[in-house]
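The structure displayed is predicted, hence computed values, not measured ones. Letters A, B, ... mirror the listed sequences (proteins, then strands); counts begin at 1.
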Amino acid sequence: MVATSLSPANLILDWFDLNQRSFPWRATGGENPNSYWVWLSEIMLQQTNTTTVQPYFLDFIKRWPTVNDLASAKLDQVLHAWQGLGYYARARNLHKCAKIIVEEFNGEFPDDEKKLLSLPGIGPYTAAAISAIVFEFNATPVDGNVERVMARLNNVTKPLPLVKGELIALAKNSTPQKRFGDYAQAVMDLGATVCVPKKPKCSICPCKSICIGFKAGNPEKLPQRSPKKALPTRYAKIYFMRNHQNQVFIRRREEKGLLGGMMELPSTEWSVQHFDKLEESFLSIGIVNWKQIPNSVKHTFTHFHLEMQVYEGVADENTDISGIWCNLEDLDKQAFPSLMKKVLKHAMSYLKI
DNA sequence: AATGCGGGGCT
DNA sequence: AGCCCAGCATT
């Protein structure tokens, strides 16, 4: 049946069979996927590349081989292991979800897409991915890869996010009535290795003959996106404060919001006002002789740039603010986000410690 | 529907 | 410097 074998789904599945990629979370041969591994990897892979995820994944399953082990861990241990991976709400929800799986689902992930969707950190994409990959349900996970492949195959030229619903419908309609897990991974693999955002490799694409976007001539322009706003810049002064025992003052950020639950050095407000307009409350809390460290630390978040001037000083014995005095050699045991690692490196490099 | 939420690896 | 990414939660 030529018409069937030339369907996009069959072309993609045939390509997948010849181009299997190996990942530590992916089942090989005939073995069943490990639901804990699939779930953990899918959470890590939200907005994050496989190359970035792989070492974190291996570290996690070594520390916590089962969902029961993860549920028994302290949140701070999980945040520490997650440090550098970003989107820290994922780590908090991961831990919360593990506890629910153990306490309410007897340690087993529910074989029900709606129940999966109700769990913290699991949205439409992840619920569909687990349903298809672990349970072989008829589910269609739609991520950025799938959106791009669908937009090009069907030459959808209207911009995201306007056409998101349309792309989801196209993805569902092209899902074959077989091999749901393989197909879900096949489309994403195609998007990650062939139908890539820049300079797609159409010459080796299994769908070249049926791709309307390719036929139209500019698949690399798809999907279109609505223009984004320029990021504002915020400024702050941040304080590398030691005491006479040569300990560093650190504290924990609030559980919610930006870098929630992670450790930080104290700083002024992160203000759109420039440095010279910033309040300098830390200059008056019993510190002698703050010195500004030359240059600044720059960092970019999802929605703003941040530029920080770093100050160093030694606190007198009466300094009384809320936080932790941390030994220098214990700093790497703390759950610092990348920004704080940059600041620490900047200060300690300057101070030669 | 819009916004907040990291960080790294491309070009 | 801008782009993208195996998205979710909140409002």
Check every strand shown and say whether [X] touches a base, only sugar-phosphate, or nothing at a heavy-atom separation below 4.0 Å.
X	value
A:Arg21	base
A:Thr126	sugar-phosphate
A:Pro120	sugar-phosphate
A:Phe23	base

Could you tabulate the donor-acceptor pairs under 3.5 Å formed by side-chain atoms of residues 147-172 of chain A, not counting sequence neighbours?
| from | atom 1 | to | atom 2 | distance (Å) |
| --- | --- | --- | --- | --- |
| A:Glu147 | OE2 | A:Lys164 | NZ | 2.5 |
| A:Arg148 | NE | A:Cys195 | O | 2.7 |
| A:Arg148 | NH2 | A:Asn145 | OD1 | 2.7 |
| A:Arg148 | NH2 | A:Gly191 | O | 2.7 |
| A:Arg148 | NH2 | A:Cys195 | O | 3.4 |
| A:Arg152 | NE | A:Pro219 | O | 2.8 |
| A:Arg152 | NE | A:Leu222 | O | 3.0 |
| A:Arg152 | NH1 | A:Cys195 | O | 3.3 |
| A:Arg152 | NH1 | A:Val196 | O | 2.8 |
| A:Arg152 | NH2 | A:Val196 | O | 3.2 |
| A:Arg152 | NH2 | A:Pro197 | O | 3.0 |
| A:Arg152 | NH2 | A:Leu222 | O | 3.1 |
| A:Asn154 | ND2 | A:Met150 | O | 2.9 |

Notebook entry, point to check: Can you give one letter per nucleotide of nucleotides 6-11 of chain B, going 5' to 3': B for a protein heavy atom under 4.0 Å from the base, S for sugar-phosphate only, - for none?
Noted result: BBS---

Margin query: Can you list, in residue-number order, the parts of residues 146-173 of chain A that come under 4.0 Å of DNA chain B, counting heavy atoms only?
Written below: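 Contacts with DNA chain B under 4.0 Å: none.
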
Check: Which residues within residues 216-229 of chain A lie with some heavy atom under 4.0 Å of an atom in DNA chain B?
Finding: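 Within residues 216-229 of chain A, no residue comes under 4.0 Å of DNA chain B.
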
Check: Can you pull the ring pair (Phe, Tyr, Trp, His ring centres under 6.0 Å) pairs that have at least one residue in residues 206-235 of chain A, sequence neighbours excluded?
Finding: A:Tyr235-A:His274, A:Tyr235-A:Phe275

Item checked: Residue pairs involving residues 127-171 of chain A (criterion ring pair (Phe, Tyr, Trp, His ring centres under 6.0 Å); sequence neighbours excluded) -> A:Phe135-A:Phe137

Item checked: Residue list, salt bridge (charged side-chain N to carboxylate O under 4.0 Å, His left out) with A:Arg179, at least two apart or on another chain ->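 A:Arg179: salt bridge (charged side-chain N to carboxylate O under 4.0 Å, His left out) contacts with A:Asp17, A:Asp182.
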
Next item on the list: Please identify each residue that fulfils salt bridge (charged side-chain N to carboxylate O under 4.0 Å, His left out) with A:Glu264, with sequence neighbours left out.
Entry: A:Arg251, A:Arg253

Output side-chain donor-acceptor pairs under 3.5 Å for residues 343-353 of chain A, partner residues at least two apart or in another chain, one line each.
| from | atom 1 | to | atom 2 | distance (Å) |
| --- | --- | --- | --- | --- |
| A:His346 | NE2 | A:Pro294 | O | 3.1 |

Next item on the list: Can you tell me, in whole Å, how much space there is between the P of B:dT11 and that of C:dA6?
Entry: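 The same atom, P, in both gives a distance of 15 Å.
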
Margin query: Would you measure the distance from the P atom in B:dG6 across to the matching atom in C:dT11 and give it in whole Å?
Written below: 16 Å

Notebook entry, point to check: How far does CD of A:Gln83 sit from OH of A:Tyr56, to the nearest 0.5 angstrom?
Noted result: 7.0 Å

Next item on the list: To the nearest 0.5 angstrom, please state how far the CD atom of A:Gln334 sits from the CE atom of A:Met340.
Entry: 13.0 Å

Note to self: Are the side chains of A:Phe336 and A:Leu79 in contact, using a 4.5 Å heavy-atom criterion?
What the structure shows: no

Check: Starting at the 5' end of DNA chain C and moving along, which residue's nearest nucleotide shows up first, A:Lys256 or A:Trp25?
Finding: A:Trp25

Note to self: According to ring-ring contact (aromatic ring centres under 6.0 Å, His included), who are the partners of A:Phe109, at least two apart in sequence or on a separate chain?
What the structure shows: A:Trp39

Checklist line | Boundaries of the DNA chain C segment in contact with chain A, non-hydrogen, under 4.0 Å | finding: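 The footprint of chain A covers C:dC4 to C:dA9.
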
Notebook entry, point to check: Is A:Lys342 reaching over with its side chain to a backbone N or O of A:Lys298, donor-acceptor style, under 3.5 angstrom?
Noted result: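 Confirmed, A:Lys342 side chain pairs with A:Lys298 backbone.
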
Item checked: Residue pairs passing the salt bridge (charged side-chain N to carboxylate O under 4.0 Å, His left out) test where at least one lies in residues 204-215 of chain A, sequence neighbours excluded ->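 Passing the test, one end in residues 204-215 of chain A: no pairs.
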
